[in-house]
Amino acid sequence: MQYWLMKSEPDVFSIDDLKKQRQTTWDGVRNYQARNFMMNDMKVGDLVLFYHSNAKPPGIAGLATVSKKAEPDPTQFDKKSEYFDPKATKDKPRWFCVKVKFKDKFKELIPLEEIKSEKALKDMLVVQKGQRLSIQPVKEKDFNHILKMNK
DNA sequence: GCCAACGTTGGC
DNA sequence: GCCAACGTTGGC
């Protein structure tokens, strides 16, 4: 079992939206590295830190679980979708997405600033400068450390 | 709103 | 295959 961090802009889709919906399709990812993580590495049952990006403040808002393994992202075939990709075909889909379901909402968001101030977490990708990857692997020790910060 | 960092595109 | 130009991300 592996651990992940997935970014979402709360204005678009927040932890509360996930809680309400219980499960969501993580579509719209158009970055190969992030796609490869979903396609090759994510397994049902993997735990996910749900991160609010472009938020005030940014930080980790809660937990989710991978609930369905990667399948072709339907939005790539949808001409009306902003994620439509003319180069993708049903025979050769380009983009894949997993489904995740709600697990927990932290009592308080753990701000990025607080994560940065934890020396033990200095290697987490999310605190690295210029790190834009929207799906990141997380080490077990870092995951457990984050859980402890959820007071 | 700014802008650094990064990924992608396309001409050559 | 290089790399300049461009678009996007996301913290601040």
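Every chain is numbered from 1 and lettered A, B, ... according to where its sequence line falls, protein lines coming before strand lines.
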Q: Please state how far atom CG in A/D11 lies from atom C1' in C/dT9, giving the value in whole angstrom units.
A: 15 Å
Q: Separation of A/I135 atom CD1 from C/dT9 atom P, in whole Å?
A: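 So the CD1-P distance, A/I135 to C/dT9, works out to 13 Å.
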Q: Mind checking if A/K56 touches a base, just sugar-phosphate, or nothing, with heavy atoms under 4.0 Å?
A: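 Here A/K56 touches no strand at all.
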Q: Of all the choices, B/dT8, C/dC12, C/dT8, which nucleotide is nearest to the side chain of A/R132 once you look at every atom?
A: C/dT8
Q: Distance check needed: B/dT8 P versus A/Q33 CD, whole Å only.
A: 9 Å
Q: Between A/R94 and A/K129, which is nearer to the 5' end of DNA chain B once each is assigned its nearest nucleotide?
A: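 Closest to the 5' end, via its nearest nucleotide, is A/K129.
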Q: Can A/R35 and A/D73 be counted as an ion pair, charged N to O under 4.0 angstrom?
A: no
Q: Without hydrogens or angle criteria, can the side chains of A/R30 and A/S134 be said to hold a donor-acceptor pair below 3.5 Å?
A: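 Side chains of A/R30 and A/S134: no pair found under 3.5 Å.
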Q: Are side-chain N/O atoms of A/E118 and A/H145 paired as donor and acceptor at under 3.5 Å?
A: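 The answer is yes; a qualifying pair exists.
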Q: Verify the ring-centre separation between A/W95 and A/Y32: is it less than 6.0 angstrom?
A: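 When the ring centroids of A/Y32 and A/W95 are compared, they turn out to be within the sub-6.0 Å range.
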Q: Please state how far atom CD in A/Q128 lies from atom P in B/dC6, giving the value in whole angstrom units.
A: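 Rounding to the nearest Å, CD of A/Q128 and P of B/dC6 are 10 Å apart.
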Q: Rounded off to whole Å, could you give me the CG-to-P distance for the A/N31 and C/dT9 pair?
A: 10 Å
Q: How many Å lie between OH on A/Y32 and C1' on B/dT8, as a whole number?
A: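 After rounding, the gap between these two atoms is 9 Å.
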Q: In this structure, how many angstroms lie between the P atom of C/dT9 and the CD atom of A/E82, rounded?
A: 9 Å
Q: Want to settle it: does A/N54 or A/R30 sit nearer the 5' end of DNA chain B, counting the closest nucleotide to each?
A: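 So the residue in question is A/N54.
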